[in-house]
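Have a look at the structure below before the remarks.
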Amino acid sequence: YGDINPYLLTLAYAGDRALAGKEMQDWINEGNFVIANRYLHSNVAYSIAKIPEQIRDSFIKWNYDLEYQTNGIPKEELVILLYVDPEIAQKNLEGKGERGYMGGKGKDVHEVDVDYQRKVADAYLYLSKHQPNWVVIDCCPDGKMKTPEEIHNQIMDLLKEKGLVK
């Protein structure tokens, strides 16, 4: 993946989202929530982790213009970044063992590169500081991973605070 032009790679993922965009907007118009695991920001973070810093902001703008204006996908009301320190994430991955959907391999091409994972984590944090609708939940304060229940409770508290749930 490292040799693929990030603009070209973005087009493939953006095309998938564009195909689902109208359906998502219809659900929203009906008063439903659409919860996406990653959405376009994953594409952006993984790409800006690979490109020179001096073109990062122009790439982000290009990507958002493509997705929101050109393709017309719905803009999210809230982005919750569940931040996990890359070192702890690696320990979590090691505990998973083989994953069937990975063809028996334990880690994918990005997960084996810890340095790249640090760059991706930094990219997500960069995005969170430059977007008004992002909230970061630190899932491993003091170097210890929170339980799923603790993370769930923190998300629910946030959603209540934002008036999205009662």
Side-chain angles (χ1 to χ4, degrees), residues 1-28 33-140 145 151 155 158:
Y1 291 113
D3 296 339
I4 300 173
N5 181 305
Y7 290 90
L8 182 60
L9 191 59
T10 293
L11 291 174
Y13 289 108
D16 283 344
R17 282 185 287 276
L19 290 173
K22 183 184 179 328
E23 186 173 21
M24 287 188 295
Q25 190 60 59
D26 289 345
W27 291 335
I28 293 166
F33 282 99
V34 174
I35 300 173
N37 180 9
R38 298 188 181 119
Y39 206 44
L40 76 136
H41 306 293
S42 181
N43 208 164
V44 174
Y46 274 82
S47 293
I48 66 172
K50 294 179 181 180
I51 63 177
E53 195 171 308
Q54 61 268 25
I55 64 169
R56 177 176 54 196
D57 290 335
S58 65
F59 177 84
I60 294 168
K61 182 184 180 329
W62 172 84
N63 200 139
Y64 289 170
D65 287 348
L66 169 69
E67 300 263 18
Y68 297 130
Q69 273 72 51
T70 304
N71 291 350
I73 67 168
K75 183 146 176 51
E76 62 287 332
E77 187 172 331
L78 175 67
V79 175
I80 303 171
L81 172 60
L82 301 176
Y83 179 79
V84 177
D85 179 271
E87 298 296 329
I88 294 172
Q90 285 296 312
K91 290 177 187 170
N92 290 345
L93 284 169
E94 290 163 10
K96 284 187 174 185
E98 289 187 14
R99 295 176 277 175
Y101 64 90
M102 294 279 298
K105 295 184 289 184
K107 295 180 182 178
D108 72 21
V109 67
H110 290 129
E111 293 167 344
V112 296
D113 188 343
V114 180
D115 185 52
Y116 179 59
Q117 287 301 306
R118 282 189 202 96
K119 290 177 183 176
V120 171
D122 289 344
Y124 273 115
L125 292 173
Y126 178 84
L127 291 170
S128 75
K129 292 175 185 159
H130 293 86
Q131 302 296 320
N133 59 339
W134 281 54
V135 175
V136 178
I137 293 178
D138 187 353
C139 295
C140 47
M145 189 78 187
I151 296 167
I155 292 169
L158 174 65

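Starting from 1, each residue takes its place in the sequence as its number.
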Under 4.5 Å between any side-chain heavy atoms of [X] and [Y], yes or no?
{"X": "L40", "Y": "E76", "result": "yes"}
{"X": "I151", "Y": "M145", "result": "yes"}
{"X": "S47", "Y": "N63", "result": "no"}
{"X": "E53", "Y": "Y126", "result": "no"}
{"X": "I60", "Y": "L127", "result": "yes"}
{"X": "P74", "Y": "Y39", "result": "yes"}
{"X": "I28", "Y": "Q25", "result": "yes"}
{"X": "C140", "Y": "D138", "result": "yes"}

Nearest-0.5 Å distance, [atom1] of residue [X] to [atom2] of residue [Y]:
{"X": "Q117", "Y": "D85", "atom1": "CD", "atom2": "CG", "value": "11.5 Å"}
{"X": "L81", "Y": "S128", "atom1": "CG", "atom2": "OG", "value": "6.0 Å"}
{"X": "L158", "Y": "I137", "atom1": "CG", "atom2": "CD1", "value": "5.5 Å"}

Full working for side-chain contact (heavy atoms from CB on, under 4.5 Å) between T10 and V44: CA-CA 8 Å; T10 293; V44 174; over 6 Å; no
Pair R118 + E87, salt bridge at N-O below 4.0 Å: yes
With a sphere of 6.0 Å drawn around [atom1] of [X], does it hold more than 12 non-hydrogen atoms of other residues, nucleotides or ligands?
{"X": "Q54", "atom1": "CD", "result": "yes"}
{"X": "Q131", "atom1": "CD", "result": "yes"}
{"X": "K61", "atom1": "NZ", "result": "no"}

E67 backbone acceptor or donor facing T70 side chain under 3.5 Å: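 Not confirmed, T70 side chain does not pair with E67 backbone.
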Please give me the minimum heavy-atom distance between [X] and [Y], naming the atom from each residue.
{"X": "A45", "Y": "A123", "result": "O-CB, 3.4 Å"}
{"X": "I51", "Y": "F59", "result": "CD1-CB, 3.6 Å"}
{"X": "V135", "Y": "L78", "result": "CG2-CD1, 3.9 Å"}
{"X": "Y116", "Y": "A49", "result": "CE1-CB, 3.7 Å"}

Identified side chain to side chain contact (heavy atoms under 4.5 Å, CB included) counterpart of R17 within the set N71, I73, L66: I73
Positive for side-chain hydrogen bond (donor to acceptor under 3.5 Å, both in side chains) with H41, one of Y124, Y46, Y64: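 Only one option passes, and that is Y64.
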